[in-house]
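Since the model is a prediction, treat every value here as computed from it, not as a measurement.
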Amino acid sequence: MFYLSEIEHTLRLPPHLLNLPLNEAIKGELEGLFVDKVIANLGLGISIYDIRSIGGGFIYPSEGASTYTVKFRLVVFRPFVGEVITARLKESTAEGLRLSLGFFDDIYVPAPLMPNPSRSESDPENKNQVKWIWKFDEQDYPIDGVDEIRFQVYNVSYPSIPLEQDKDSKPFAPMVIKGSLDADGLGPISWWI
């Protein structure tokens, strides 16, 4: 789920940061560039783990900032296909579920990957959402958002940035995890206790 990735980056350090110790100034700039950002085909940057080397310090003509080549390690969130993760229910619609880890909210469980057989019913408590119900041995097991939900990672994708986006469409998500609840032990934890 979490990995250490070594990255080399050419960093322009603004002059107002030169009064700080070099490691501290560079780490602050790297955090602004990489933490809480999705890097395509790498994952979501969580934290700068350490700085391995700093090279350069050149000031190019007509610039007042120094430029460094920095090698550092970044803690990255990138689940692998088949991994089982526990999350909370964020939204339940006729298309499926949207789950959240707290720091990452773009996890979707589409209707075909729900436990089989499942059905959706309108939620009397929330008119904009539905309640998914799994039927097993003539008994109904609802997914109501009270418990944490275990899901298996089915796919991790990094969609390309759209050139145009409709006003009514969902906000763009640079990393999307598609999950499945269609296996033993998956779904709300209370189902299996």
Side-chain angles (χ1 to χ4, degrees), residues 1-7 9 30-31 33-50 72-121 123 126 128-137 139-162 165 169-193:
M1 181 181 319
F2 295 99
Y3 295 91
L4 269 181
S5 295
E6 189 164 323
I7 298 174
H9 182 71
L30 290 174
E31 285 173 346
L33 289 171
F34 292 97
V35 174
D36 289 335
K37 309 279 190 315
V38 172
I39 303 165
N41 299 323
L42 189 61
L44 173 67
I46 301 295
S47 170
I48 304 295
Y49 185 75
D50 64 0
F72 64 98
R73 291 190 294 177
L74 179 69
V75 178
V76 175
F77 168 69
R78 181 185 66 220
F80 58 87
V81 174
E83 181 174 6
V84 175
I85 302 174
T86 303
R88 290 246 175 229
L89 181 65
K90 186 166 177 98
E91 184 180 18
S92 179
T93 65
E95 289 83 39
L97 304 176
R98 182 175 179 199
L99 305 177
S100 173
L101 295 173
F103 63 91
F104 186 79
D105 294 338
D106 294 314
I107 303 167
Y108 299 94
V109 179
L113 296 176
M114 297 294 283
N116 195 10
S118 288
R119 70 181 189 282
S120 62
E121 296 178 352
D123 189 354
N126 192 342
N128 297 333
Q129 297 194 17
V130 300
K131 189 179 277 190
W132 281 91
I133 299 169
W134 174 44
K135 188 171 189 78
F136 181 74
D137 281 345
Q139 205 168 8
D140 288 345
Y141 295 92
I143 300 175
D144 51 14
V146 175
D147 295 321
E148 290 186 320
I149 298 171
R150 275 194 205 115
F151 71 96
Q152 186 173 29
V153 176
Y154 183 78
N155 183 6
V156 179
S157 63
Y158 302 90
S160 57
I161 299 172
Q165 195 167 355
S169 65
K170 294 180 188 175
F172 173 71
M175 181 170 112
V176 177
I177 298 172
K178 188 188 292 185
S180 171
L181 299 183
D182 196 15
D184 290 343
L186 301 179
I189 293 175
S190 64
W191 290 359
W192 307 103
I193 296 176

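In terms of heavy-atom proximity, Gly102 sits nearest to Ser100 at N-OG, 3.0 Å. Contact record, Trp132 with Ala94: CZ2-O, 3.4 Å, taken as the closest heavy-atom pair. The two atoms that bring Ser180 and Leu186 nearest to each other are O-CD1, 3.5 Å, heavy atoms only. Closest heavy-atom contact between Ser47 and Val35: CA-CG2, 4.0 Å. In plain terms, the two heavy atoms of Val153 and Pro79 that are nearest each other are CG2-CB, 3.9 Å. Residue Pro174 comes nearest to Pro159 through the heavy atom pair O-CD, 3.6 Å, listed as atom of the first residue, atom of the second, then distance.
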Quick one, Ile161 with Phe172, criterion side-chain contact (heavy atoms from CB on, under 4.5 Å). Give me CA distance, side-chain angles, the key distance, then yes/no.
CA-CA 7 Å; Ile161 299 172; Phe172 173 71; 3.8 Å; yes

Where do Gln129 and Glu91 land on the side-chain contact (heavy atoms from CB on, under 4.5 Å) test, with the steps shown first?
CA-CA 7 Å; Gln129 297 194 17; Glu91 184 180 18; 4.1 Å; yes

Take Met114 and Val109 through the test side-chain contact (heavy atoms from CB on, under 4.5 Å) and record every step on the way to the result.
CA-CA 7 Å; Met114 297 294 283; Val109 179; 3.6 Å; yes

Run the side-chain contact (heavy atoms from CB on, under 4.5 Å) check on Phe72 and Asp50 step by step: do they pass?
CA-CA 6 Å; Phe72 64 98; Asp50 64 0; 5.7 Å; no

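Under the 4.5 Å side-chain criterion, counting only non-hydrogen atoms from C-beta, Ile107 is not in contact with Leu97. Put simply, the side chain of Ile149 does not reach to within 4.5 Å of the side chain of Thr86, judged on heavy atoms. Proximity of Leu181 to Leu113: side-chain heavy atoms (C-beta onward) are nowhere separated by under 4.5 Å. Annotation: side chain of Tyr154 is not in contact with side chain of Val81 (no heavy-atom distance under 4.5 Å). In this structure, the side chains of Pro110 and Lys178 come closer than 4.5 Å at one or more pairs of heavy atoms. For the pair Pro115/Trp191, a side-chain contact is recorded, criterion being any heavy-atom separation below 4.5 Å from C-beta on. A 4.5 Å side-chain heavy-atom check between Ile133 and Ser118 finds every atom pair outside the cut-off. The side-chain heavy atoms of Phe103 and Leu44, taken from C-beta on, include a pair separated by under 4.5 Å.
Counting non-hydrogen atoms of other residues, nucleotides and ligands closer than 6.0 Å to CZ of Phe136 gives a total of 12 or fewer.
Residues in residues 105-120 take part in these salt bridge (charged side-chain N to carboxylate O under 4.0 Å, His left out) pairs, two or more places apart or across chains: Lys90-Asp105, Arg98-Asp106, Arg119-Glu121, Arg119-Asp140. For residues 181-191, the set of pairs meeting the salt bridge (charged side-chain N to carboxylate O under 4.0 Å, His left out) definition, not counting sequence neighbours, is empty.
Here the OG-CD1 distance, from Ser5 to Ile39, works out to 7.5 Å after rounding to the nearest 0.5 Å. The OG atom of Ser120 lies 12.5 Å from the NZ atom of Lys131; values are rounded to the nearest 0.5 Å. One distance of note links CD1 of Ile85 with CD1 of Ile177; it measures 5.5 Å at 0.5 Å rounding. Rounded to the nearest 0.5 angstrom, Leu42 CG and Met175 CE are separated by 9.5 Å. Here the CG-CG distance, from Leu74 to Leu4, works out to 8.5 Å after rounding to the nearest 0.5 Å. To the nearest 0.5 angstrom, Phe80 atom CZ is 8.5 Å from Met1 atom CE.
Because its NZ or CZ atom is both nearer than 6.0 Å to the ring centre of Tyr3 and within 45° of the ring axis, Arg78 counts as a cation-pi partner of that residue.
Between Phe34 and His9, the ring-plane angle classifies as perpendicular under the 30° and 60° cut-offs. Ring pair Phe104/Phe77 is tilted by interplanar angle, where 30° to 60° counts as tilted.
A side-chain N or O of Gln139 and one of Tyr141 form a donor-acceptor pair less than 3.5 Å apart.
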